[in-house]
Amino acid sequence: MQQLSVKLNKFGEKLGYLLSVKGWSQQYLADKLCTTQQCISRWVNGNREPSLDDVLLVCYFLDEDPNELLGFNDIPKKDYAKFDNNSRNK
């Protein structure tokens with residue numbers, strides 16, 4: 001099976017960047033999401049993945065497109081066919 005050289009786990013990296021651009025602390029976002037700063041820190045550091053509901057709430061509060069925040073816009077269109085082929089070969 002062919003491996004893709006696309007990094008799919010970009011949520012934390014992009015979340016950290018967006019927080020810094022907006023001047024928001026992890027605690028500020030945590031308060032908006034009714035969670036803890038430690039939870040946000042785990043997402044930013046890649047130690048834990050957020051639920052889909054959490055991703056959508058983060059996108060709402062940051063006014064960000066989910067595809068952008070999850071890194072799907074970083075995947076070249078030609079590579080989508082590779083994903084499709086890999087899923088069929090399982």
Side-chain angles (χ1 to χ4, degrees):
M1 181 187 317
Q2 182 181 11
Q3 292 292 329
L4 295 177
S5 61
V6 177
K7 182 180 176 187
L8 293 178
N9 184 12
K10 292 193 172 189
F11 177 84
E13 186 178 307
K14 291 188 176 215
L15 177 58
Y17 171 76
L18 289 170
L19 289 174
S20 68
V21 166
K22 290 192 174 282
W24 289 12
S25 68
Q26 291 179 3
Q27 185 63 57
Y28 183 76
L29 180 61
D31 291 343
K32 286 187 165 293
L33 298 176
C34 298
T35 190
T36 64
Q37 181 275 326
Q38 290 83 3
C39 180
I40 304 299
S41 176
R42 288 182 188 117
W43 295 346
V44 169
N45 293 322
N47 296 326
R48 182 160 289 202
E49 294 293 322
S51 69
L52 181 56
D53 289 341
D54 288 331
V55 169
L56 294 175
L57 282 172
V58 167
C59 290
Y60 172 78
F61 286 117
L62 292 175
D63 192 27
E64 190 64 41
D65 176 13
N67 289 319
E68 183 64 35
L69 190 61
L70 293 170
F72 292 125
N73 291 345
D74 299 342
I75 301 171
K77 295 291 183 193
K78 64 182 177 63
D79 287 340
Y80 282 111
K82 294 177 187 176
F83 285 109
D84 191 40
N85 289 338
N86 283 339
S87 64
R88 289 184 187 163
N89 293 332
K90 288 185 177 181

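FYI, the numbering just counts along the sequence from 1.
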Checklist entry - Is it the case that one hydrophobic cluster holds both Tyr60 and Tyr28, taking links as side-chain heavy atoms less than 4.5 Å apart, direct or via other members? => result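 Yes: a chain of side-chain contacts under 4.5 Å links Tyr60 to Tyr28.
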Next on the checklist: Using the rule that Ile, Leu, Val, Met, Phe, Trp and Tyr join whenever any side-chain heavy atoms are under 4.5 Å apart, tell me whether Val21 and Phe11 fall into a single cluster.
Outcome noted: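 They do share one cluster, since a chain of ILVMFWY contacts under 4.5 Å joins Val21 to Phe11.
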Next on the checklist: If you count every heavy atom of other residues, nucleotides or ligands that lies below 6.0 Å from Tyr17 atom OH, does the total exceed 12?
Outcome noted: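 No, because the 6.0 Å sphere around OH of Tyr17 holds 12 heavy atoms or fewer from other groups.
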Checklist entry - Are there more than 12 heavy atoms of other residues, nucleotides or ligands under 6.0 Å from atom CG of Asn47? => result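 Yes - once you tally the heavy atoms of other residues, nucleotides and ligands closer than 6.0 Å, there are more than 12.
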Item to check | Arg42 side, atom CZ; Glu49 side, atom CD - distance, nearest 0.5 Å | outcome: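 Separation between the atoms: 13.5 Å.
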Item to check | Distance (rounded to the nearest 0.5 Å) between Arg48 CZ and Ser41 OG | outcome: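 With rounding to 0.5 Å, CZ (Arg48) is 11.5 Å from OG (Ser41).
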Item to check | Nearest heavy atoms of Pro66 and Cys59, plus distance in Å | outcome: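 Smallest heavy-atom distance, with atoms named: CA-SG, 3.5 Å.
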Checklist entry - Between Leu69 and Glu64, which heavy-atom pair has the shortest distance, and what is it? => result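 In this case the closest contact between Leu69 and Glu64 is CB-CG, 4.2 Å.
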Checklist entry - So, does Lys32 use its side chain to make a donor-acceptor pair with the main chain of Phe61 at under 3.5 Å? => result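 Here the side-chain-to-backbone pair does not exist.
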Does the side chain of [Y] come within less than 4.5 Å of [X]'s, by heavy atoms?
{"X": "Leu70", "Y": "Lys10", "result": "no"}
{"X": "Leu18", "Y": "Trp24", "result": "no"}
{"X": "Thr35", "Y": "Leu29", "result": "no"}

Checklist entry - Out of Asp54, Asp31, Leu33, which residue meets the side-chain contact (heavy atoms from CB on, under 4.5 Å) rule with Ile40? => result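 For Ile40, the side-chain contact (heavy atoms from CB on, under 4.5 Å) test succeeds with only one of Asp54, Asp31, Leu33, which is Leu33.
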